[in-house]
Amino acid sequence: MTFNLFNMLNLRFIQENPELVIRKLRKKNFDASGIVGQIIDRYQRKNEIQAKADQIKAELNKLSKEIGLMFREGKTDDANAAKEQTVELKNSVKQLDEEFAAIDVQVYELQVQLPNLPSDLVPEGRMAEDNVVIRTGGAIPDLKNTRLPHWELASKYDLIDFELGVKLTGAGFPVYKGKGARLQRALISFFLNEAQEAGYLEIQPPLMVNAASGFGTGQLPDKEGQMYHVTEDDLYLIPTAEVPVTNLYRDVILEAKELPVKNTAYSACFRREAGSYGKDVRGLNRLHQFDKVEIVQIVNPSVSYQTLDEMVGHVEGLVKKLGLPYRILRLCGGDMSFTSALTYDFEVFSAAQEKWLEVSSVSNFESFQANRLKLRYRDEQTKKPVTAHTLNGSALALPRIVAALLENNQTSNGIVIPEVLVPFCGFNLIG
RNA sequence: GGAAAGUUGGCAGAGUGGUUUAUCGCGGCUCCUUGCUAAGGAGUUGACCGGCAACGGUCCGGGGGUUCGAAUCCUCCACUUUCCGCCA
(Lines give C-alpha, C1' and ligand atoms only; values in the text may rest on other atoms or scores of the structure.)
Protein backbone atom coordinates (compact mmCIF):
# COMPACT_ATOMS: atom_id res chain seq x y z
CA MET A 1 0.00 0.00 0.00
CA THR A 2 2.96 2.32 0.14
CA PHE A 3 2.52 5.26 -2.14
CA ASN A 4 5.49 7.52 -2.30
CA LEU A 5 4.94 11.07 -1.25
CA PHE A 6 7.18 13.94 -1.90
CA ASN A 7 7.25 16.54 0.82
CA MET A 8 10.07 18.03 2.75
CA LEU A 9 12.27 18.65 5.71
CA ASN A 10 12.45 22.01 7.39
CA LEU A 11 15.29 24.20 6.12
CA ARG A 12 16.30 25.62 9.42
CA PHE A 13 16.42 22.14 10.89
CA ILE A 14 18.80 21.06 8.15
CA GLN A 15 20.95 24.12 8.70
CA GLU A 16 21.21 23.51 12.42
CA ASN A 17 21.66 19.72 12.28
CA PRO A 18 23.52 18.84 9.08
CA GLU A 19 25.40 15.88 10.56
CA LEU A 20 22.26 14.42 12.08
CA VAL A 21 20.40 14.62 8.77
CA ILE A 22 23.23 12.93 6.89
CA ARG A 23 23.64 10.21 9.50
CA LYS A 24 19.94 9.41 9.69
CA LEU A 25 19.42 9.33 5.94
CA ARG A 26 22.23 6.81 5.63
CA LYS A 27 19.77 4.35 7.10
CA LYS A 28 17.51 4.95 4.12
CA ASN A 29 20.53 4.21 1.95
CA PHE A 30 20.55 7.84 0.92
CA ASP A 31 23.80 9.77 0.75
CA ALA A 32 22.78 13.29 1.69
CA SER A 33 26.23 14.72 2.30
CA GLY A 34 26.40 16.61 -0.99
CA ILE A 35 22.87 17.96 -0.98
CA VAL A 36 22.94 19.05 2.66
CA GLY A 37 26.11 21.05 2.06
CA GLN A 38 24.61 22.72 -1.00
CA ILE A 39 21.39 23.51 0.81
CA ILE A 40 23.18 25.19 3.68
CA ASP A 41 25.33 27.19 1.30
CA ARG A 42 22.39 28.31 -0.89
CA TYR A 43 20.15 28.99 2.09
CA GLN A 44 22.74 31.24 3.65
CA ARG A 45 23.20 33.10 0.37
CA LYS A 46 19.43 33.46 0.09
CA ASN A 47 19.23 35.06 3.52
CA GLU A 48 22.02 37.46 2.69
CA ILE A 49 20.22 38.59 -0.43
CA GLN A 50 16.99 39.05 1.44
CA ALA A 51 18.65 41.16 4.11
CA LYS A 52 20.14 43.40 1.42
CA ALA A 53 16.92 43.66 -0.59
CA ASP A 54 14.84 44.36 2.52
CA GLN A 55 17.10 47.22 3.46
CA ILE A 56 16.82 48.87 0.04
CA LYS A 57 13.06 48.34 -0.02
CA ALA A 58 12.81 50.07 3.33
CA GLU A 59 14.64 53.07 1.88
CA LEU A 60 12.40 53.11 -1.18
CA ASN A 61 9.26 52.95 0.91
CA LYS A 62 10.47 55.84 2.99
CA LEU A 63 11.38 57.89 -0.08
CA SER A 64 8.03 57.28 -1.77
CA LYS A 65 6.23 58.47 1.29
CA GLU A 66 8.32 61.63 1.35
CA ILE A 67 7.65 62.31 -2.32
CA GLY A 68 3.94 62.08 -1.68
CA LEU A 69 4.24 64.67 1.07
CA MET A 70 6.33 67.01 -1.09
CA PHE A 71 3.76 66.96 -3.88
CA ARG A 72 1.01 67.72 -1.44
CA GLU A 73 2.95 70.66 -0.07
CA GLY A 74 3.67 71.93 -3.56
CA LYS A 75 7.42 71.31 -3.41
CA THR A 76 7.46 69.96 -6.94
CA ASP A 77 11.14 70.54 -7.58
CA ASP A 78 12.18 68.68 -4.46
CA ALA A 79 9.86 65.85 -5.36
CA ASN A 80 11.27 65.46 -8.84
CA ALA A 81 14.78 65.47 -7.46
CA ALA A 82 13.83 62.72 -5.03
CA LYS A 83 12.26 60.74 -7.85
CA GLU A 84 15.62 60.52 -9.54
CA GLN A 85 17.10 59.02 -6.44
CA THR A 86 14.70 56.10 -6.63
CA VAL A 87 15.84 54.97 -10.06
CA GLU A 88 19.08 53.42 -8.91
CA LEU A 89 17.50 51.87 -5.84
CA LYS A 90 14.77 50.32 -7.95
CA ASN A 91 17.33 48.77 -10.26
CA SER A 92 19.21 47.25 -7.34
CA VAL A 93 16.00 45.85 -5.89
CA LYS A 94 14.99 44.35 -9.19
CA GLN A 95 18.34 42.65 -9.58
CA LEU A 96 18.29 41.34 -6.02
CA ASP A 97 14.71 40.11 -6.34
CA GLU A 98 15.60 38.18 -9.47
CA GLU A 99 18.61 36.66 -7.79
CA PHE A 100 16.48 35.81 -4.78
CA ALA A 101 13.83 34.11 -6.89
CA ALA A 102 16.45 32.04 -8.70
CA ILE A 103 18.17 30.92 -5.53
CA ASP A 104 14.84 30.21 -3.89
CA VAL A 105 14.06 27.73 -6.66
CA GLN A 106 17.51 26.17 -6.27
CA VAL A 107 17.01 25.67 -2.55
CA TYR A 108 13.56 24.20 -3.08
CA GLU A 109 14.77 21.79 -5.72
CA LEU A 110 17.51 20.57 -3.42
CA GLN A 111 15.21 20.43 -0.44
CA VAL A 112 12.60 18.19 -2.06
CA GLN A 113 15.25 15.64 -2.93
CA LEU A 114 15.73 14.77 0.72
CA PRO A 115 13.57 11.95 2.08
CA ASN A 116 12.10 12.13 5.54
CA LEU A 117 14.41 11.10 8.35
CA PRO A 118 13.76 7.59 9.60
CA SER A 119 12.93 7.12 13.27
CA ASP A 120 15.53 5.45 15.47
CA LEU A 121 13.28 2.39 15.58
CA VAL A 122 13.73 1.76 11.87
CA PRO A 123 15.88 -1.32 11.27
CA GLU A 124 18.89 -1.24 8.97
CA GLY A 125 18.37 -2.88 5.63
CA ARG A 126 18.12 -2.52 1.90
CA MET A 127 15.06 -4.47 0.79
CA ALA A 128 11.86 -6.23 1.76
CA GLU A 129 13.77 -9.25 3.14
CA ASP A 130 15.34 -6.98 5.75
CA ASN A 131 12.01 -5.93 7.23
CA VAL A 132 11.56 -7.09 10.81
CA VAL A 133 8.58 -9.17 11.82
CA ILE A 134 7.50 -7.74 15.13
CA ARG A 135 4.37 -9.78 15.70
CA THR A 136 2.39 -12.61 14.17
CA GLY A 137 -1.10 -13.82 14.90
CA GLY A 138 -3.79 -16.17 13.73
CA ALA A 139 -3.32 -19.68 12.48
CA ILE A 140 -2.48 -20.68 8.94
CA PRO A 141 -5.19 -23.16 7.95
CA ASP A 142 -4.24 -26.68 6.91
CA LEU A 143 -5.98 -26.97 3.56
CA LYS A 144 -6.32 -30.09 1.49
CA ASN A 145 -4.49 -30.51 -1.77
CA THR A 146 -7.74 -29.69 -3.53
CA ARG A 147 -7.43 -26.07 -2.41
CA LEU A 148 -8.08 -23.47 -5.06
CA PRO A 149 -6.61 -19.99 -5.56
CA HIS A 150 -9.08 -17.17 -5.05
CA TRP A 151 -9.52 -16.40 -8.74
CA GLU A 152 -10.78 -19.93 -9.30
CA LEU A 153 -13.04 -19.72 -6.23
CA ALA A 154 -14.37 -16.38 -7.46
CA SER A 155 -15.29 -18.01 -10.70
CA LYS A 156 -16.62 -21.24 -9.17
CA TYR A 157 -19.08 -19.38 -6.93
CA ASP A 158 -19.68 -16.56 -9.44
CA LEU A 159 -18.44 -13.86 -7.06
CA ILE A 160 -16.09 -11.87 -9.23
CA ASP A 161 -15.93 -11.67 -13.03
CA PHE A 162 -12.56 -10.51 -14.26
CA GLU A 163 -13.37 -11.03 -17.94
CA LEU A 164 -16.48 -8.87 -17.77
CA GLY A 165 -14.35 -6.15 -16.25
CA VAL A 166 -12.01 -6.40 -19.21
CA LYS A 167 -14.99 -6.08 -21.54
CA LEU A 168 -16.25 -2.97 -19.76
CA THR A 169 -13.00 -1.27 -18.96
CA GLY A 170 -9.82 -3.31 -19.06
CA ALA A 171 -7.65 -5.55 -16.92
CA GLY A 172 -7.61 -4.68 -13.24
CA PHE A 173 -11.24 -3.54 -13.09
CA PRO A 174 -13.15 -6.58 -11.79
CA VAL A 175 -16.94 -6.87 -11.62
CA TYR A 176 -18.24 -8.13 -8.27
CA LYS A 177 -21.50 -10.05 -8.39
CA GLY A 178 -24.08 -11.41 -5.96
CA LYS A 179 -22.48 -12.57 -2.74
CA GLY A 180 -19.18 -11.24 -4.04
CA ALA A 181 -20.63 -7.74 -4.23
CA ARG A 182 -22.38 -8.11 -0.88
CA LEU A 183 -19.15 -9.23 0.73
CA GLN A 184 -17.48 -6.05 -0.51
CA ARG A 185 -20.25 -3.95 0.94
CA ALA A 186 -20.11 -5.86 4.23
CA LEU A 187 -16.36 -5.36 4.58
CA ILE A 188 -16.64 -1.63 3.92
CA SER A 189 -19.40 -1.26 6.51
CA PHE A 190 -17.53 -3.37 9.04
CA PHE A 191 -14.33 -1.36 8.64
CA LEU A 192 -16.14 1.97 8.85
CA ASN A 193 -18.09 0.89 11.94
CA GLU A 194 -14.91 -0.23 13.65
CA ALA A 195 -13.24 3.08 12.84
CA GLN A 196 -16.21 5.01 14.12
CA GLU A 197 -16.14 3.06 17.38
CA ALA A 198 -12.46 3.93 17.69
CA GLY A 199 -13.37 7.61 17.53
CA TYR A 200 -12.76 8.42 13.87
CA LEU A 201 -15.05 10.89 12.12
CA GLU A 202 -16.39 9.45 8.89
CA ILE A 203 -15.72 11.50 5.76
CA GLN A 204 -17.11 10.86 2.30
CA PRO A 205 -14.67 12.68 0.02
CA PRO A 206 -14.71 13.44 -3.69
CA LEU A 207 -13.08 10.75 -5.80
CA MET A 208 -11.46 13.33 -8.04
CA VAL A 209 -9.13 16.06 -6.91
CA ASN A 210 -7.53 19.09 -8.51
CA ALA A 211 -3.82 19.55 -9.05
CA ALA A 212 -3.42 21.62 -5.89
CA SER A 213 -4.58 18.67 -3.79
CA GLY A 214 -2.35 16.25 -5.65
CA PHE A 215 0.50 18.58 -4.91
CA GLY A 216 -0.49 18.96 -1.25
CA THR A 217 -0.02 15.28 -0.45
CA GLY A 218 2.89 14.96 -2.83
CA GLN A 219 1.58 12.78 -5.65
CA LEU A 220 2.34 15.73 -7.88
CA PRO A 221 4.54 16.50 -9.55
CA ASP A 222 6.66 13.45 -8.89
CA LYS A 223 4.14 10.61 -9.16
CA GLU A 224 1.90 12.03 -11.82
CA GLY A 225 2.13 8.87 -13.92
CA GLN A 226 0.54 6.82 -11.14
CA MET A 227 -2.74 8.71 -11.14
CA TYR A 228 -5.48 8.69 -13.75
CA HIS A 229 -5.71 12.18 -15.16
CA VAL A 230 -8.89 13.58 -16.66
CA THR A 231 -7.26 16.06 -18.99
CA GLU A 232 -10.47 17.71 -20.19
CA ASP A 233 -11.05 19.14 -16.72
CA ASP A 234 -7.54 18.70 -15.34
CA LEU A 235 -8.68 16.50 -12.46
CA TYR A 236 -7.11 13.39 -11.00
CA LEU A 237 -8.78 10.20 -9.77
CA ILE A 238 -7.65 9.65 -6.23
CA PRO A 239 -5.16 6.82 -5.60
CA THR A 240 -6.25 6.73 -1.95
CA ALA A 241 -8.68 8.60 0.29
CA GLU A 242 -5.60 9.94 2.04
CA VAL A 243 -5.35 12.57 -0.70
CA PRO A 244 -8.74 14.31 -0.28
CA VAL A 245 -8.92 13.68 3.47
CA THR A 246 -5.47 15.06 4.25
CA ASN A 247 -6.05 18.00 1.95
CA LEU A 248 -9.04 18.98 4.05
CA TYR A 249 -6.40 20.38 6.37
CA ARG A 250 -4.18 22.04 3.80
CA ASP A 251 -3.36 25.63 4.83
CA VAL A 252 -5.16 25.18 8.12
CA ILE A 253 -4.15 26.29 11.60
CA LEU A 254 -5.96 24.13 14.14
CA GLU A 255 -6.53 25.04 17.76
CA ALA A 256 -4.51 22.86 20.12
CA LYS A 257 -7.69 21.59 21.72
CA GLU A 258 -8.92 20.31 18.34
CA LEU A 259 -6.14 17.71 18.33
CA PRO A 260 -6.10 14.84 17.75
CA VAL A 261 -8.05 15.00 14.50
CA LYS A 262 -9.20 11.48 13.63
CA ASN A 263 -10.80 10.94 10.23
CA THR A 264 -11.79 7.82 8.37
CA ALA A 265 -13.02 7.49 4.82
CA TYR A 266 -14.09 4.75 2.48
CA SER A 267 -13.29 5.34 -1.14
CA ALA A 268 -12.66 3.59 -4.36
CA CYS A 269 -8.98 4.00 -5.21
CA PHE A 270 -7.58 4.30 -8.71
CA ARG A 271 -4.01 3.48 -9.63
CA ARG A 272 -2.46 3.15 -13.02
CA GLU A 273 0.25 0.85 -11.65
CA ALA A 274 2.27 1.77 -14.69
CA GLY A 275 5.14 -0.62 -15.21
CA SER A 276 4.04 -3.16 -12.64
CA TYR A 277 2.72 -5.86 -14.95
CA GLY A 278 4.07 -9.33 -14.68
CA LYS A 279 4.00 -11.60 -11.68
CA ASP A 280 1.85 -11.06 -8.61
CA VAL A 281 -0.89 -9.33 -10.57
CA ARG A 282 -3.17 -12.31 -10.89
CA GLY A 283 -6.74 -12.13 -9.59
CA LEU A 284 -7.17 -9.60 -6.82
CA ASN A 285 -3.49 -9.22 -6.06
CA ARG A 286 -3.09 -5.95 -7.92
CA LEU A 287 -5.90 -3.85 -9.36
CA HIS A 288 -6.41 -0.51 -11.03
CA GLN A 289 -9.57 0.12 -9.05
CA PHE A 290 -10.09 -1.15 -5.53
CA ASP A 291 -11.89 -0.27 -2.32
CA LYS A 292 -10.23 0.87 0.83
CA VAL A 293 -11.07 2.36 4.19
CA GLU A 294 -8.40 4.78 5.30
CA ILE A 295 -7.68 6.24 8.72
CA VAL A 296 -5.90 9.56 9.16
CA GLN A 297 -4.76 11.35 12.29
CA ILE A 298 -3.36 14.81 12.91
CA VAL A 299 -1.73 15.03 16.30
CA ASN A 300 0.49 16.99 18.64
CA PRO A 301 4.12 16.00 17.85
CA SER A 302 4.69 14.83 21.42
CA VAL A 303 2.23 11.96 21.04
CA SER A 304 2.67 10.88 17.43
CA TYR A 305 4.49 7.62 18.18
CA GLN A 306 1.95 6.71 20.80
CA THR A 307 -0.69 7.39 18.15
CA LEU A 308 1.14 5.20 15.66
CA ASP A 309 0.97 2.28 18.12
CA GLU A 310 -2.71 2.96 18.67
CA MET A 311 -3.37 2.85 14.92
CA VAL A 312 -1.38 -0.36 14.53
CA GLY A 313 -3.50 -1.78 17.34
CA HIS A 314 -6.66 -0.76 15.52
CA VAL A 315 -5.63 -2.47 12.29
CA GLU A 316 -4.48 -5.54 14.18
CA GLY A 317 -7.92 -5.72 15.76
CA LEU A 318 -9.49 -5.83 12.32
CA VAL A 319 -7.44 -8.70 10.96
CA LYS A 320 -7.89 -10.59 14.22
CA LYS A 321 -11.66 -10.22 14.08
CA LEU A 322 -11.60 -11.48 10.52
CA GLY A 323 -9.66 -14.50 11.74
CA LEU A 324 -6.87 -14.11 9.22
CA PRO A 325 -3.30 -15.23 9.88
CA TYR A 326 -1.22 -12.08 9.86
CA ARG A 327 2.15 -10.63 10.59
CA ILE A 328 3.26 -7.09 11.31
CA LEU A 329 6.48 -5.86 9.82
CA ARG A 330 8.55 -2.90 10.80
CA LEU A 331 9.92 -1.67 7.48
CA CYS A 332 13.65 -1.34 7.14
CA GLY A 333 15.28 1.85 5.92
CA GLY A 334 15.56 0.67 2.35
CA ASP A 335 11.93 -0.41 2.00
CA MET A 336 10.28 2.65 3.49
CA SER A 337 8.56 5.33 1.51
CA PHE A 338 10.18 8.65 0.83
CA THR A 339 7.96 10.50 3.32
CA SER A 340 7.68 8.10 6.21
CA ALA A 341 9.56 8.23 9.49
CA LEU A 342 8.32 4.84 10.63
CA THR A 343 6.07 2.36 8.85
CA TYR A 344 4.39 -0.85 9.87
CA ASP A 345 3.09 -3.11 7.13
CA PHE A 346 0.40 -5.69 7.73
CA GLU A 347 0.42 -8.87 5.69
CA VAL A 348 -2.12 -11.66 5.68
CA PHE A 349 -1.34 -15.18 4.55
CA SER A 350 -3.25 -16.34 1.52
CA ALA A 351 -3.23 -20.09 1.95
CA ALA A 352 -3.74 -21.33 -1.59
CA GLN A 353 -1.27 -18.97 -3.19
CA GLU A 354 0.90 -19.62 -0.14
CA LYS A 355 1.89 -16.00 -0.09
CA TRP A 356 1.93 -13.11 2.34
CA LEU A 357 -0.11 -10.25 0.92
CA GLU A 358 0.27 -6.65 2.05
CA VAL A 359 -3.09 -5.33 3.22
CA SER A 360 -2.17 -2.26 5.21
CA SER A 361 0.59 0.20 5.71
CA VAL A 362 0.51 2.43 8.77
CA SER A 363 2.94 5.33 8.93
CA ASN A 364 4.02 8.27 10.99
CA PHE A 365 5.13 11.10 8.72
CA GLU A 366 6.01 13.36 11.63
CA SER A 367 6.07 16.92 10.24
CA PHE A 368 7.20 15.97 6.74
CA GLN A 369 3.75 16.02 5.11
CA ALA A 370 2.52 18.86 7.29
CA ASN A 371 5.34 21.10 6.12
CA ARG A 372 4.19 20.82 2.55
CA LEU A 373 0.53 21.11 3.48
CA LYS A 374 1.11 24.07 5.80
CA LEU A 375 -0.86 22.16 8.38
CA ARG A 376 -0.29 23.61 11.83
CA TYR A 377 -1.82 23.99 15.25
CA ARG A 378 -1.65 26.92 17.61
CA ASP A 379 0.50 26.17 20.63
CA GLU A 380 -1.42 26.87 23.81
CA GLN A 381 1.49 28.55 25.61
CA THR A 382 3.19 30.56 22.89
CA LYS A 383 0.04 31.12 20.76
CA LYS A 384 2.28 30.54 17.76
CA PRO A 385 1.60 28.14 14.89
CA VAL A 386 3.53 24.86 15.13
CA THR A 387 3.74 22.18 12.45
CA ALA A 388 1.57 19.21 13.38
CA HIS A 389 2.38 15.53 12.90
CA THR A 390 0.34 13.45 10.48
CA LEU A 391 -0.23 9.70 10.35
CA ASN A 392 -2.29 7.44 8.18
CA GLY A 393 -3.01 3.83 7.53
CA SER A 394 -5.23 1.51 5.58
CA ALA A 395 -7.93 -0.04 7.69
CA LEU A 396 -8.21 -1.89 5.44
CA ALA A 397 -7.76 -2.37 1.70
CA LEU A 398 -10.27 -4.89 0.44
CA PRO A 399 -8.98 -6.98 -2.48
CA ARG A 400 -6.23 -8.92 -0.75
CA ILE A 401 -8.39 -9.38 2.32
CA VAL A 402 -11.02 -10.93 0.06
CA ALA A 403 -8.37 -13.07 -1.61
CA ALA A 404 -7.19 -14.40 1.75
CA LEU A 405 -10.72 -14.89 3.07
CA LEU A 406 -11.77 -16.90 0.05
CA GLU A 407 -8.67 -19.05 0.03
CA ASN A 408 -8.28 -19.62 3.77
CA ASN A 409 -11.95 -20.23 4.50
CA GLN A 410 -12.71 -22.67 1.70
CA THR A 411 -14.25 -25.96 2.80
CA SER A 412 -15.90 -28.79 0.97
CA ASN A 413 -19.25 -27.10 1.75
CA GLY A 414 -18.24 -23.68 0.53
CA ILE A 415 -16.57 -20.58 1.84
CA VAL A 416 -17.19 -19.80 5.49
CA ILE A 417 -17.83 -16.14 6.26
CA PRO A 418 -16.22 -14.74 9.44
CA GLU A 419 -18.80 -14.23 12.16
CA VAL A 420 -18.18 -10.48 12.45
CA LEU A 421 -19.21 -9.99 8.84
CA VAL A 422 -22.45 -11.99 8.98
CA PRO A 423 -24.56 -9.11 10.38
CA PHE A 424 -23.32 -6.94 7.54
CA CYS A 425 -23.70 -9.30 4.59
CA GLY A 426 -26.59 -11.45 5.77
CA PHE A 427 -25.13 -14.88 5.01
CA ASN A 428 -22.57 -17.11 6.68
CA LEU A 429 -21.59 -19.36 3.81
CA ILE A 430 -20.86 -19.01 0.13
CA GLY A 431 -21.82 -22.42 -1.19
C1' G B 1 -23.03 25.35 -23.09
C1' G B 2 -24.83 31.05 -22.80
C1' A B 3 -24.91 35.62 -19.79
C1' A B 4 -23.71 38.59 -15.64
C1' A B 5 -21.45 39.64 -11.05
C1' G B 6 -17.70 38.59 -7.82
C1' U B 7 -12.73 36.88 -5.13
C1' U B 8 -10.05 41.92 0.80
C1' G B 9 -7.67 39.25 7.66
C1' G B 10 -11.34 33.42 11.73
C1' C B 11 -16.40 35.43 9.78
C1' A B 12 -18.85 39.55 7.68
C1' G B 13 -17.79 43.79 4.91
C1' A B 14 -15.81 49.19 3.51
C1' G B 15 -12.09 50.89 0.63
C1' U B 16 -11.34 53.63 -7.58
C1' G B 17 -3.57 56.19 -7.02
C1' G B 18 -0.42 58.97 -1.51
C1' U B 19 -1.23 59.76 7.04
C1' U B 20 -4.33 52.58 4.49
C1' U B 21 0.19 51.75 9.56
C1' A B 22 -6.35 47.98 5.31
C1' U B 23 -12.28 51.35 8.31
C1' C B 24 -16.53 49.62 11.14
C1' G B 25 -18.84 45.25 12.96
C1' C B 26 -19.02 40.04 14.67
C1' G B 27 -16.13 36.32 16.80
C1' G B 28 -11.63 35.26 19.75
C1' C B 29 -8.28 36.68 23.81
C1' U B 30 -7.05 39.74 28.48
C1' C B 31 -8.79 42.64 32.32
C1' C B 32 -12.73 45.33 34.89
C1' U B 33 -17.87 45.59 36.49
C1' U B 34 -21.69 42.13 38.89
C1' G B 35 -27.96 46.53 40.95
C1' C B 36 -28.19 47.71 32.59
C1' U B 37 -27.16 40.85 34.32
C1' A B 38 -29.22 34.82 29.46
C1' A B 39 -25.84 41.81 30.63
C1' G B 40 -22.26 46.07 30.49
C1' G B 41 -17.26 48.51 30.02
C1' A B 42 -11.93 48.92 28.61
C1' G B 43 -7.97 47.00 25.97
C1' U B 44 -6.24 43.60 22.42
C1' U B 45 -6.39 40.70 17.79
C1' G B 46 -3.41 37.54 11.16
C1' A B 47 0.28 34.74 8.29
C1' C B 48 5.11 34.28 6.09
C1' C B 49 10.58 35.60 5.51
C1' G B 50 15.09 37.80 7.74
C1' G B 51 17.05 39.37 12.62
C1' C B 52 19.67 37.67 19.51
C1' A B 53 16.73 41.88 19.58
C1' A B 54 15.12 46.62 18.26
C1' C B 55 13.11 46.28 13.89
C1' G B 56 12.77 45.54 8.58
C1' G B 57 10.42 43.14 4.44
C1' U B 58 6.28 40.45 1.96
C1' C B 59 0.97 39.20 1.69
C1' C B 60 -6.01 42.29 -0.47
C1' G B 61 -7.56 34.98 -5.75
C1' G B 62 -2.69 33.89 -9.03
C1' G B 63 0.99 35.67 -12.80
C1' G B 64 2.81 39.88 -15.59
C1' G B 65 2.73 45.34 -16.38
C1' U B 66 2.18 51.03 -15.58
C1' U B 67 3.90 54.53 -11.46
C1' C B 68 8.39 57.88 -7.13
C1' G B 69 4.04 55.29 -4.91
C1' A B 70 -1.15 50.08 -6.52
C1' A B 71 -6.21 46.57 -2.71
C1' U B 72 -7.25 50.70 -6.15
C1' C B 73 -5.16 51.52 -13.13
C1' C B 74 -3.85 47.91 -17.47
C1' U B 75 -3.29 42.70 -18.97
C1' C B 76 -3.53 37.35 -18.92
C1' C B 77 -5.17 33.21 -15.99
C1' A B 78 -7.76 30.46 -12.13
C1' C B 79 -11.81 29.90 -9.15
C1' U B 80 -16.73 31.15 -6.98
C1' U B 81 -21.77 32.79 -7.12
C1' U B 82 -26.41 34.00 -9.64
C1' C B 83 -29.75 33.53 -13.87
C1' C B 84 -30.88 30.71 -18.49
C1' G B 85 -30.29 25.81 -20.83
C1' C B 86 -29.52 20.57 -19.79
C1' C B 87 -30.06 16.94 -16.03
C1' A B 88 -29.47 12.08 -11.44
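Quick note on labels: first sequence line is chain A, next is B, and so on, each numbered from 1. Model, not experiment: these values are computed from the prediction.
Put simply, CG on A:Asn10 is 12 Å from P on B:rC48, counting in whole angstrom units. Distance, A:Asn371 CG to B:rC48 C1': 13 Å, rounded to whole Å. Atom CG in A:Leu89 sits about 11 Å away from atom P in B:rG69, given to the nearest Å. Across the protein-nucleic acid pair, A:Lys62 atom NZ and B:rU19 atom P stand 18 Å apart, rounded to whole Å. Put simply, NZ on A:Lys384 is 9 Å from C1' on B:rG46, counting in whole angstrom units. If you take CD of A:Glu84 and C1' of B:rC68, they are 11 Å apart, rounded to a whole angstrom. With rounding to whole Å, A:Asn61 atom CG is found 14 Å from B:rC59 atom C1'. Summarising the geometry, the separation between CD on A:Glu255 and P on B:rG46 is reported as 13 Å, rounded to the nearest angstrom.
B:rC36 shows a glycosidic angle within 90° of 0 and is accordingly assigned syn.
Each of A:Leu63 and A:Ile253 was matched to the nucleotide of RNA chain B holding its nearest heavy atom; the match closer to the 5' end belongs to A:Ile253. In this structure, A:Asp233 and A:Leu69 both approach RNA chain B, and ranking their closest nucleotides by distance from the 5' end singles out A:Leu69.
Comparing the P positions of B:rG18 and B:rU81 gives a spacing of 34 Å, expressed to the nearest Å. When the P atom is used for both B:rU45 and B:rG51, the distance is 25 Å, rounded to whole Å. B:rG17 and B:rC26 have their P atoms separated by 30 Å, given to the nearest Å. Going from the C1' atom of B:rA42 to that of B:rA5 covers 42 Å, rounded to whole Å. Taking atom C1' in both B:rU16 and B:rC11, the straight-line distance is 26 Å, to the nearest Å. B:rA4 and B:rC59: their C1' atoms are spaced 30 Å apart (whole Å). B:rC60 and B:rU8: their C1' atoms are spaced 4 Å apart (whole Å). When the P atom is compared between B:rC29 and B:rA14, the two are found 27 Å apart, to the nearest whole Å.
Base-pair partner of B:rG43: B:rC29 (Watson-Crick or G-U wobble, both distances under 3.5 Å). Nucleotide B:rC87: unpaired (no Watson-Crick or G-U wobble partner with both distances less than 3.5 Å). Nucleotide B:rC48 forms a pair with B:rG57, judged by Watson-Crick or G-U wobble geometry with both contacts under 3.5 Å. B:rU81 and B:rA4 make up a base pair, with Watson-Crick or G-U wobble contacts both under 3.5 Å. Both distances falling under 3.5 Å, in either a Watson-Crick or a G-U wobble arrangement, occur for no nucleotide opposite B:rA14. Pairing for B:rG69 is absent, with no Watson-Crick or G-U wobble pair whose two atom distances lie under 3.5 Å. Shown here, B:rG35 forms no base pair; nothing in the strands shown gives a Watson-Crick or G-U wobble contact with both key distances under 3.5 Å. Pair assignment for B:rG9 gives none, since no Watson-Crick or G-U wobble pairing has each distance under 3.5 Å.
A salt bridge between A:Asp161 and A:Lys167 is absent, with no side-chain N of the basic residue lying under 4.0 Å from a carboxylate O of the acidic one. Residues A:Lys52 and A:Glu99 are not paired through a salt bridge, judged by the lack of any N-O separation under 4.0 Å between the basic side chain and the carboxylate.
Considering CD1 of A:Ile188 and OH of A:Tyr266, their distance stands at 4.0 Å, rounded to 0.5 Å. Atom-to-atom distance recorded for A:Phe190:CZ and A:Leu322:CG is 5.0 Å, nearest 0.5 angstrom.
In this structure, A:Arg378 does not reach the B:rG46 phosphate: none of its side-chain N or O atoms is under 4.0 Å from OP1 or OP2. An OP1 or OP2 oxygen of B:rG51 is reached within less than 4.0 angstrom by a side-chain nitrogen or oxygen of A:Arg12. Applying the 4.0 Å criterion to OP1 and OP2 of B:rG69, one finds that A:Lys90 has a side-chain N or O inside that range.
Residue side chain A:Asp54 does not reach the base of B:rG57 through any donor-acceptor N/O pair under 3.5 Å, judged by distance alone.
A donor-acceptor pair under 3.5 Å is formed between the side chain of A:Arg182 and the backbone N or O of A:Cys425. With hydrogens and angles disregarded, no donor-acceptor distance shorter than 3.5 Å links the side chain of A:His314 to the backbone of A:Ala395. No donor-acceptor distance shorter than 3.5 angstrom exists from the side chain of A:Thr387 to the backbone of A:Arg376, with no hydrogens or angles considered.
Using a 4.0 Å heavy-atom distance criterion, A:Ala82 is classed as making no nucleic acid contact. Across all strands shown, A:Ile67 has heavy atoms under 4.0 Å from base atoms, whether or not it also approaches the sugar-phosphate. Among the atoms of the strands shown, none is found under 4.0 Å from any heavy atom of A:Phe100.
Checking B:rU21, B:rC68, B:rC48 against every side-chain atom of A:Lys65, the shortest atom distance belongs to B:rU21. Among B:rU58, B:rA47, B:rG69, the nucleotide with an atom closest to any side-chain atom of A:Lys57 is B:rU58. Closest to the A:Phe71 side chain, of the nucleotides B:rA47, B:rG50, B:rC68, is B:rC68. Nearest nucleotide to the side chain of A:Arg376, out of B:rC48, B:rU21, B:rG50: B:rC48.
For the pair A:Lys179 and A:Tyr157, the cation-pi test (distance below 6.0 Å, angle within 45°) is failed.
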